[in-house]
Amino acid sequence: MTRPYEPHDIEEKWQSVWDAEGLYSVTEDPGKPKKYVLEMFPYPSGDIHMGHVRNYSIGDVIARYSTMCGMNVLHPTGWDSFGLPAENAAIKSNTHPAAWTYANIEKQAASFRRMGFSYDWDRRLASSDEEYYRWGQWIFIKFWERGLVERKSSPVNWCPDCKTVLANEQVIGEGVCWRCKSTVVKRELEQWYFKITEYAQELLDDLDELPGWPERVKAMQANWIGRSEGAEVEFTLCGADGEPTDERITVFTTRPDTLFGCTFFLLAPEHPLVHELVHGTEYAPAVIEVVEKAAKETAIDRSSTEKEKVGAFTGRFVVNPVNGEKVPVWVADYVLMEYGTGAVMAVPCGDQRDFEFARTYGLPIPPVVVTEDDPLYEQLRDQPERLVTDVDWEIAHADEGIMVQSGPFTGTPTGKGGEGVRKVIAWLEERGQGRASINFRLRDWLISRQRYWGNPIPAIHCPVCGLVPVPEDQLPVVLPMDVDVTKGETLADHPEFYTTICPVCGGPARRETDTMDTFTCSSWYYLRYCDARNDSAIWEKEKADYWMPVDQYIGGIEHAILHLLYSRFFTKVFRDLGIVDFAEPFTNLLTQGMVKLDGFTMSKSRGNVVPPDEMIERYGADALRAYILFMAPPDKDLEWSQEGLEGMHRFLGRAWRYVAEVVEEPGTGPEGADDDSTKTLRRERHRVVGKVEGDIERFQFNTALSAMMELLNAATDHRRLVKSELRDAVLEREVAETLVLLLAPYVPHMAEELWREVLGHEESVHRVSWPTWDSDAAAAEEVEVAVQVNGKVRARLVVDANASEDVVREAALALPKVAEYIAGKSVRKVVFVPGKLVSIVAN
RNA sequence: GCCCGGGUGGCGGAACAGGCAGACGCGUCGGUCUCAAAAACCGAUGAUGGAAACAUCGUGAGGGUUCAAGUCCCUCCCCGGGCACCA
């Protein structure tokens, strides 16, 4: 009697055997093509969840399949183990963040083992390990040496719940913290930055070099970087007496061609000039009111487009460089200090916001761009001087048209990037009053955090020498373990940590007590895996050059901007430091969808979590792995349902039984039998191998599994319907072995048990080559073609697969059903698609 | 407002380059085995009409191109996501 499929009897056993055999340890082998398969490393938040199961199952199938295809596969794992949740958990359970973190790492490592993931455990790392974070500090020093580190004061995002500042990328949705979802507030603070903006253009341009990335992710990054082409224009400031001074204020505009329509000038409430301009004047009270109101508002209120725009006149004027006109300077709450220069030339006819502001405060709106269908067109087309000072428009419009009331430029066709823009920029450049310019939305990356559980920033504040980097030979700055976060302590509460001496002058100094953003840790871990145990260098260049870039990276869409942008930035800096030879870290990216229950992302707070361990308990890791891949294509969100898992378990049981039966009771028929059932089975074997291969390469794991089910269906039908004396034992065994090989990347334990114990092979199934297939052998000898009359299928016809068009056409026309439908009509046209259909047009 | 996705049976999904819509699985219904149930196995399963053969309809809506449209084009609706007083 066939032994039943019992996942628990085999899964643990093979996990131990694989470990003992070192099955997944790899080294550089120049003789083989390499493949680096990587899933985003987890945060050790507790037990693994279904999202992890999905993410790592996808990676594991790709890694195992690639190995079977003869590649030298690097497939490592580790933990992104610094970060705030550890502190919160420590406070809650009255323990130390390290204790919580490392306990969770062990728990997750055990779960990964139970899932049977093919990791090279020798390369395991955790970003909170001293051997790891010391190199993060080394990177900080190298960045500093290259001028990419800056400490400056500016308005920053502060999360009141996390009690720390955040990078712009970490403020998501409607101005909330990416981690705790609290509303973020602005604070003026001195902080540490990485100058990612120096790489803005390259980060944008190189998106074109990433054909293996989803368009969606590239669009999101391009959006985030936000490049605008335009010009800087200098306006001369007038003094309190109304006469021009030597001082100029620069604005950025994408539409310098509309300068003749500039009738007022705006400053952001935070602009440093504001107080100076109004100090002691009659305008001060109104202006200060606007400034204070803006400061009080949250980012969300402030950025609401619905809101009435508020402003106040400063009493001062600036000179418009193109026409020498003096225009009033206002303070307006809709002007952002963070973007451009914090000062704006207002062109009410062309910009909707300026238009609304002008209407509110009764400022003139002279049109400067008109189209032919505009009622003003005839009147203004040749009009260089300002004649019309207001419009009856409902909304601003100056997208495209000809320039009017624009002095020497009148009549020039214009629009974004058009002729008028180029001409005005050239004119400004000649006079030294402006220049072509590009502005990015991307801001420098704020990397300092006022939290304990992170990588200490290796910097020293010396009262004499200023900011001094910790010398390389004094690294690492070790994170002390005796900080008690349950009492709200940070490094700033520990004098024994921060009291130090200046490495330059030797005088008393204070160590920096902020730690680095955890995203600095995750921006280079993929490189460290190439040489994870190196204690004398961050990595050996030859090793990084062998393995990198990552050939296939897999992770959640939530990192589309954050981690993926930062890692691209780090890699470009590493290239400039000469420690790698490439500019992009991840050649191909797969962003997997979320696993949901009842329409919501599984989360502890919602209480809709399905624990993977329970599923493993019931159906085994293999069924869970295969099922989560079978449910949906990897990039789509999926709705968890348990019934389907039982179905997968059933399928595996059927496959198990089939293989066992083929071994125990092989057919006794002649080799090379050529009855229809045998031929069909032989053909299916080839077709399905080809199908599974193509599907895995296109990440269609669900249809690959469907194809395996089809092969099993064909195989069991054959066994059931064809007598033993007629069944070819060689073919049956070949089908059974093929099925096991196809299943191996998905259900590694079951495949191994069948391969070694049932089919009797010595070697691991995971070291066997992927089965070959032949497209001729996969092709049917006879095909059924559909016969259409006037676009509707009216009959079917079985013909020889390579029958000529004439033969098939005649056969189709001779069908009684066809004759019936074309009776009394004449055949106008016959379309023949080989192997598919014949389409007859008759009227 | 701008930029991406997406909308197919009761459900998850398939249809890769315009060629038979609904593969594969779940569920449901019927059957075999059983004292019974579970498991396993066999069969049916888009809708409507019909005993059946078969016919008609059918991929968010409406138009179009084509012998042929889930797939291409136009107009629009809905859902999800990103960006957004960005000058």
Side-chain angles (χ1 to χ4, degrees), chain A residues 4 172-173 214-228 230 251-256 258 266 268 302-307 309 332-336 338-347 350-354 356-357 439-441 557-558 560-561 593-594 627 630-633 635-648 650-651 653-654 657 691 694-695 697-698 700 702-710 712-713 716 720 784-796 817 827-843:
Chain A
I172 57 167
E215 282 309 317
R216 178 157 69 130
V217 174
K218 289 192 277 187
M220 282 165 78
Q221 290 209 357
N223 226 334
W224 185 260
I225 295 167
R227 182 182 194 271
S228 290
V251 298
F252 172 77
T253 176
T254 55
R255 293 301 299 274
T258 61
L266 301 169
R302 178 106 184 256
S303 66
S304 165
T305 38
E306 320 281 284
K307 204 181 62 109
K309 290 159 183 36
D333 63 349
Y334 68 94
V335 178
L336 306 175
E338 303 92 82
Y339 186 79
T341 62
V344 170
M345 61 176 237
V347 181
D351 183 284
Q352 185 58 24
R353 296 156 298 172
D354 298 342
E356 287 167 22
F357 192 84
N439 216 321
F440 291 94
R441 212 192 64 96
I557 186 72
E558 67 273 18
I561 294 168
M594 286 185 289
Y627 176 56
F630 181 64
M631 288 183 87
D635 54 331
K636 286 178 97 178
D637 286 355
L638 67 77
E639 173 70 27
W640 177 260
S641 96
Q642 193 167 313
E643 291 75 41
L645 181 54
E646 286 164 27
M648 181 55 67
R650 251 193 313 263
F651 163 67
R654 290 209 304 135
R657 229 176 303 129
K691 168 82 176 150
D695 281 352
E697 273 157 24
R698 286 181 301 129
Q700 303 229 348
N702 53 337
T703 51
L705 277 160
S706 306
M708 291 180 227
M709 290 170 181
E710 284 169 350
L712 180 63
N713 289 346
T716 50
R720 183 164 52 88
E784 190 185 70
V785 298
V787 182
Q788 294 184 344
V789 179
N790 290 336
K792 286 199 161 130
V793 178
R794 296 300 183 183
R796 285 161 205 289
K817 199 80 195 172
V827 174
R828 299 285 171 205
K829 191 173 173 184
V830 178
V831 179
F832 174 64
V833 183
K836 300 270 187 190
L837 57 69
V838 177
S839 179
I840 296 160
V841 188
N843 59 13

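Each chain gets a letter, A, B and so on, in the order its sequence line appears, and its residues count up from 1. For clarity, every value in this text was computed on a predicted model and none was experimentally measured.
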Using a heavy-atom cut-off of 4.0 Å across all strands, would you classify [X] as base, sugar-phosphate, or nothing?
X	answer
Arg794(A)	sugar-phosphate
Gly647(A)	sugar-phosphate
Asp637(A)	sugar-phosphate
Glu643(A)	sugar-phosphate
Gln700(A)	sugar-phosphate
Lys218(A)	nothing
Arg698(A)	base
Pro633(A)	sugar-phosphate
Thr253(A)	sugar-phosphate
Phe630(A)	base
Asn223(A)	base
Asn713(A)	sugar-phosphate

Just the rounded figure in Å: distance from [atom2] of [N] to [atom1] of [X].
X	N	atom1	atom2	answer
Arg650(A)	C24(B)	CZ	C1'	13 Å
Asp695(A)	A23(B)	CG	C1'	12 Å
Tyr627(A)	G13(B)	OH	C1'	11 Å
Arg828(A)	U66(B)	CZ	P	17 Å
Gln642(A)	G25(B)	CD	P	20 Å
Gln788(A)	A21(B)	CD	C1'	13 Å

Quick check: on RNA chain B, is the nucleotide nearest Val833(A) upstream (toward 5') of the one nearest Gly342(A), or the reverse? Name the residue that is more 5'. Val833(A)
Using the closest heavy atom to pick a nucleotide of RNA chain B for each, name whichever of Lys829(A) or Ser706(A) lands nearer the 5' end. Ser706(A)
Could you please name the partner base of [N], counting Watson-Crick and G-U wobble pairs only when both distances are under 3.5 Å?
N	value
G1(B)	C83(B)
U48(B)	A55(B)
G43(B)	C29(B)
G9(B)	none
G18(B)	none

Does [N] have its OP1 or OP2 closer than 4.0 Å to a side-chain nitrogen or oxygen of [X]?
X	N	value
Arg720(A)	C42(B)	yes
Lys792(A)	C57(B)	yes
Arg216(A)	C83(B)	no
Thr703(A)	C24(B)	no
Arg353(A)	C86(B)	yes

Sequence-distant partners of Arg216(A), side-chain hydrogen bond (donor to acceptor under 3.5 Å, both in side chains), two or more places apart: none
Can you tell me, in whole Å, how much space there is between the P of C26(B) and that of C76(B)? 43 Å
Applying side chain to side chain donor-acceptor pair (under 3.5 Å) to Glu646(A) and Gln642(A), what does each step give before you reach the verdict? CA-CA 7 Å; Glu646(A) 286 164 27; Gln642(A) 193 167 313; 4.6 Å; no
Syn-anti status, with the boundary at 90° from 0, for the nucleotide G50(B): anti
Given the 90°-from-0 boundary between syn and anti, A44(B) should be labelled anti
